[in-house]
Participant: 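Please see the structure below; I have some questions.
So that the names make sense, note that chain A is the first sequence line, chain B the second, and so on, each numbered from 1.
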Number of protein chains: 2
Amino acid sequence: MEQKIKLLLADDHQLVRKGFRALLEELEFVEIVGEAANGREVISLLRSGVRPQVALLDYEMPVMNGLEATVEIKRDYFGVKIIMLTMLQSKELVQEAVEKGVSGFLFKNTSLEELSDAIRRVAAGDTYFSSEVALTLLKQAPNPDTPLLALLSERETEILKLVAQGLSSAEIGRQLFISPRTVDTHRNNIIHKLDVPGIAGLVQFAVRNKLI
Amino acid sequence: MEQKIKLLLADDHQLVRKGFRALLEELEFVEIVGEAANGREVISLLRSGVRPQVALLDYEMPVMNGLEATVEIKRDYFGVKIIMLTMLQSKELVQEAVEKGVSGFLFKNTSLEELSDAIRRVAAGDTYFSSEVALTLLKQAPNPDTPLLALLSERETEILKLVAQGLSSAEIGRQLFISPRTVDTHRNNIIHKLDVPGIAGLVQFAVRNKLI
DNA sequence: ATTGGGCTACGCAGATATGCGTATTTTCAG
DNA sequence: CTGAAAATACGCATATCTGCGTAGCCCAAT
């Protein structure tokens, strides 16, 4: 560790910011070169010549949040790596942050150890996403209307799948060896049970519940 | 680090296994208590009394792969934490592994530093997923048929959205101040451009491309 | 100036879905 | 055994979609 890592700290809560500073100052390999209370201040510091290797940005900040700041930084000061920090466990936020070019992403309940690792990795040009981030990405996927889905009988679920695939009653009837009228009945029962507007609603439901 | 972390190593390629052993033996805080060439051997070792804190399992193994082994281990030897290692960057695999109870997940192109961190964290009861894993989870999400989507004109896209929401031609016509027949024409053009089977296909396409 | 694409609109026949009933058989739990 | 729920099936009127054609208007590119 021949050279300290130059770091910029941004969080709108002064107490939090000072707390981070205190923690980070215990790490002998980082040097805090600036503090900001919002994205706008981060940009100002950069404009005035401050050159951190890593910017630790809170997402929730007034005036200009961490994501907006990221966009500007990546456009005008590409070399500055960014670690985003947030309280929100949101998949969409992570997704967007990665698209905007952040190198690291942590939730605020992380450990100092992890923060330290993240700073080192990111300064070295790597990316760093905490395990909690990965778990969040996995968890937020499912959104099943299980209660509604439970309303349907087996046969109805079967027919729902086929309808959602674009088959007509006649085709479904042939495939299941039942009368197309029966298929009609089932389809209509399903539409009423789920209270959706016709076939379009059925397909939407099926897709959302990963039936197809 | 008062006590070494007891580790079990499983990989079907002897060379790889020995390589890992060599690397891990350089870490003063791990002690390798066993080696296995497949999941079955891992179970045998556990049955014969070997008690690692952490099992480092390759996913790709003959006879019994890492995932299958995980299920058995978690059922019969719950205290043994598992780190899964694989060459495959597959979201589904990560998902399944987490469901089966692994504590860590790494791709084989990882650094020794990361492996070392992973072992420590997992032994401490945490979870550890490498940044590459997080990125894989993000990347594999999008599946847009952008080329197909580009085929559609603005107006068509607009109508596609409304159709997918379950509105009839008449309703759409009223909303856009055009004749329902025009809506028909657009809808049919879209169906042919995308080559999908009717409304069901349209809705599927719309959902997949996040138009709704 | 001509061409081409997109948007608009209409007609018409046949297919399909939708709404509302009715009814028989099967299945399964009380 | 008995009643409820599910699965099966049919009828019928109406609404809607689908396929195939035609056609005028506007605008941008050639």
Participant: For A:I190 and D:dA7, what is the distance between atoms CD1 and P respectively, to the nearest whole Å?
Facilitator: 9 Å
Participant: Could you work out which one of D:dA6, D:dT18, D:dC17 sits closest to the side chain of B:I191?
Facilitator: D:dT18
Participant: Compare the minimum distances between each of C:dT8, D:dT8, D:dA9 and the side chain of A:H186, then state the nucleotide with the smallest one.
Facilitator: D:dT8
Participant: Between B:S103 and B:K81, which heavy-atom pair has the shortest distance, and what is it?
Facilitator: OG-CD, 3.7 Å
Participant: Please determine, for the side chain of A:H192, which listed nucleotide (D:dC17, C:dG19, C:dA17) has the closest atom?
Facilitator: C:dG19
Participant: When you check the phosphate oxygens OP1 and OP2 of D:dA5, does a side-chain N or O of A:S153 lie under 4.0 Å from one of them?
Facilitator: no
Participant: Could you tell me whether the phosphate oxygens of D:dC10, OP1 or OP2, come under 4.0 Å of any side-chain nitrogen or oxygen in A:T185?
Facilitator: no
Participant: Does one side chain, of A:T86 or A:E60, offer a donor that lies under 3.5 Å from an acceptor on the other?
Facilitator: yes
Participant: Given C:dT8, is OP1 or OP2 found less than 4.0 Å from the side-chain N or O atoms of B:T182?
Facilitator: no
Participant: Give A:S169 one of three labels, base, sugar-phosphate or nothing, depending on what nucleic acid heavy atoms sit under 4.0 Å from its own.
Facilitator: sugar-phosphate
Participant: By the side chain to side chain donor-acceptor pair (under 3.5 Å) test, which pairs, at least two apart or in different chains, include something from residues 147-156 of chain A?
Facilitator: A:S153-A:E156, A:R155-A:E158, A:E156-A:K193
Participant: Roughly how many Å is it from CZ in A:R155 to P in C:dT26, rounded to a whole number?
Facilitator: 15 Å
Participant: Can you see whether A:E72 engages A:Y77 through a side-chain donor-acceptor pair at a distance of less than 3.5 angstrom?
Facilitator: no
Participant: Nearest to the side chain of B:N188, which nucleotide is it out of D:dG19, C:dG19, C:dA9?
Facilitator: D:dG19
